[in-house]
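Each remark here refers to the structure printed beneath this line.
Throughout, protein chains are lettered first and strands after them, A, B, ... in sequence-line order, and every chain is numbered starting at 1.
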There are 2 protein chains.
Amino acid sequence: MSTPIPDIDDDKALRTSADRVFEALQDAIVRGDIAPGSRVGETDLAERFGTSRGPLREALRRLESRRLVERTPHVGIRIASLSPEALVEIYFVREALEGMAARMAALHMTDAEIAGLRALLVAHQQDEALRSDTAYFQQEGDLDFHYRVIQGSHNAALTELLIGELYHRIRMYRYQVSAYPNRPQKAFAEHQRIVEAIEARDGDLAEMLMRRHISSARRNFEQLMKENA
Amino acid sequence: MSTPIPDIDDDKALRTSADRVFEALQDAIVRGDIAPGSRVGETDLAERFGTSRGPLREALRRLESRRLVERTPHVGIRIASLSPEALVEIYFVREALEGMAARMAALHMTDAEIAGLRALLVAHQQDEALRSDTAYFQQEGDLDFHYRVIQGSHNAALTELLIGELYHRIRMYRYQVSAYPNRPQKAFAEHQRIVEAIEARDGDLAEMLMRRHISSARRNFEQLMKENA
DNA sequence: TCAACGTCTATTGTCGACAATCCACCCCGC
DNA sequence: GCGGGGTGGATTGTCGACAATAGACGTTGA
């Protein structure tokens, strides 16, 4: 108890209480401020977020849709915990979706967007030169890169699925196991070649490279799991 | 079609009222019993489904997550209507995801599942021989075929995304525009070749064929839209 | 006549209380 | 001592009432 949860977002931009709780609670879950797998009571949560159980339950239903909490009727809710196996499953989904996103990005990104993407890579290169092995920063940068490619697809359904649903779970896992090594220099090189393909407006190549990029990250992760077992 | 809303599911298997309303309302939206794009009041809906506004709002939040209703704070909710452009976007997502599903189905489906899949095709062939142009039936059969391949991937994340989220919107569109022609005989031939690839355990081929199958359905749809405009 | 303002009503957002259900613990019988 | 049933407590599910907001309508002034 005490003040375990980072302050509720008091910003009034999100009008309703249910929306604020939804964002705050999602953030708390993703950041691991609430232990994954733990059972939580509605009354406690409502009190903690300074609202009543009505809006809280609405927020919970949305989090349930996003697979961030699991609910069993008349029993309660528990914070979702992503197993390594489930993460591997998501890797396959990412490979398919982001591959398609890269293809469409190569076809539909504006020149300005591509320029911004390359600028991002340059920034990463400099940062990486300094702090070569701090995986965390690279991970956030990695997310940034993928975000931009996804949005570059100009496909709202695709973007919503990836950023709105999948990425929260992935980030949750990254917080759970604090920064597992993820070959930053190699990933960076792959990013660079993806951008080159996009610049060349080569959809086939962009998709292929992105799929290889993600599937090799998956294999790296699977290897890591095998070693730790 | 007489009763305005298909009877609320009185089955007690779904324990809570919010769950029942969620399913019933989703069904009503998908079937078009509530006009797409129409504004609906919470009080009306609650009364219509025989519950109070509390559970109804929880159901609405989940439907909002599935993009079946759109909500603007302090104003109300409106039933989502899927534009042709949005459907095209979803076709691309399907192409990526179902392509991956076909690949994984070729690798992971059990022999029994494959046998069932082929049996389904045989049944389709016979039915289709009789009613060669009734698109509706073929469509439901089409869904059935795709369902099985998706579940054959044995990837829960993939299955949940496709069947749990995307397919409701697709079905909604099929009800909206009553049975647009979708080249049943050609689709059937494509299904057959996909099954052959799965039987051969050829993941690469299965994915390629499935992607072609879906993208050619998309192009067929886009062509149709152009003609009607 | 038109536009801007203010009021007013209908609808949504929020809350607290009550009812229903489950789980843990205890008691009783074997 | 052990298993089964029952009871108590706590938690979730549901409801009706109240507060707050937005949009519609009428009014007033130029």
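- Residue T43(B) is the one, among S52(A) and T43(B), whose nearest nucleotide of DNA chain C lies closer to the 5' end (criterion: closest heavy atom).
- Look at CD on E58(B): it is 9 Å from C1' on dT14(D), rounded to the nearest Å.
- Partners of Q26(A) under the side-chain contact (heavy atoms from CB on, under 4.5 Å) rule, at least two apart in sequence or in another chain, are F22(A), V30(A), L63(A), R66(A), L68(A), H168(A).
- Taking atom CZ of residue R78(A) and atom P of nucleotide dT12(D), one finds them 13 Å apart after rounding to whole Å.
- Applying the salt bridge (Lys or Arg N to Asp or Glu O under 4.0 Å) test to pairs two or more places apart or on separate chains, those with a residue in residues 147-163 of chain B are R67(A)-E160(B).
- By the side-chain contact (heavy atoms from CB on, under 4.5 Å) test, A206(B) pairs with A102(B), A106(B), A197(B), I198(B), sequence neighbours left out.
- Contacts between residues 60-67 of chain B and DNA chain C, defined by a heavy-atom separation under 4.0 Å, are absent.
- Between dT12(D), dT14(D), dT14(C), one nucleotide has an atom nearer to the side chain of R57(B) than all others, and that is dT14(C).
- For the helix from dT1(C)-dA30(D) to dC30(C)-dG1(D), the terminal axes (five pairs an end, C1' atoms, rotation from four pairs onto the next four) enclose an angle of 0°, given to 10 degrees.
- Below 30°, between 30° and 60°, or above 60°: for H146(B) and H213(B) the angle between ring planes is below 30°, a parallel geometry.
- Which of dT14(C), dT11(C), dT14(D) sits closest to the side chain of T16(A) comes down to dT14(C).
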Can you give each donor-acceptor pair under 3.5 Å made by side-chain atoms of residues 52-61 of chain B, sequence neighbours left out, with the distance rounded to 0.1 Å?
from	atom 1	to	atom 2	distance (Å)
S52(B)	OG	G54(B)	N	3.4
R53(B)	NE	E42(B)	OE1	3.1
R53(B)	NH2	E42(B)	OE1	3.1
R57(B)	NE	E58(A)	OE2	2.6
R57(B)	NH1	E42(B)	OE1	3.3
R57(B)	NH1	E42(B)	OE2	2.8
R57(B)	NH2	E58(A)	OE1	3.4
R57(B)	NH2	E58(A)	OE2	3.2
E58(B)	OE1	R57(A)	NH2	3.4
E58(B)	OE1	R61(A)	NH1	2.2
E58(B)	OE2	R57(A)	NE	2.6
E58(B)	OE2	R57(A)	NH2	3.2
R61(B)	NE	E64(B)	OE1	3.3
R61(B)	NH1	E58(A)	OE1	2.2
R61(B)	NH2	D19(A)	OD1	2.8

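- A35(B) meets the side-chain contact (heavy atoms from CB on, under 4.5 Å) test with S38(B); sequence neighbours excluded.
- Residues passing the side chain to side chain donor-acceptor pair (under 3.5 Å) test with S215(A), sequence neighbours excluded: R219(A).
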Next item on the list: Apply side-chain contact (heavy atoms from CB on, under 4.5 Å) to L82(A) and I170(A), showing your working.
Entry: CA-CA 9 Å; L82(A) 199 57; I170(A) 296 170; 5.9 Å; no
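- When the side-chain contact (heavy atoms from CB on, under 4.5 Å) test is applied to T72(A), the partners found at least two apart in sequence or on another chain are V75(A).
- Neither OP1 nor OP2 of dG13(C) sits under 4.0 Å from any side-chain N or O of R20(A).
- Legend: salt bridge (Lys or Arg N to Asp or Glu O under 4.0 Å) pairs involving residues 75-95 of chain B, not counting sequence neighbours, sorted by first then second residue: R94(B)-E98(B), E95(B)-R211(B), E95(B)-R218(B).
- The residue G54(B) sits apart from the nucleic acid: no heavy atom pair falls under 4.0 Å.
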N/O-N/O pairs, protein side and nucleotides 17-25 of chain C side, under 3.5 Å:
from	atom 1	to	atom 2	distance (Å)
dC22(C)	OP1	R15(B)	NH2	2.7

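- With sequence neighbours excluded, the residues forming a side chain to side chain donor-acceptor pair (under 3.5 Å) with H154(B) are E113(B), listed by chain and number.
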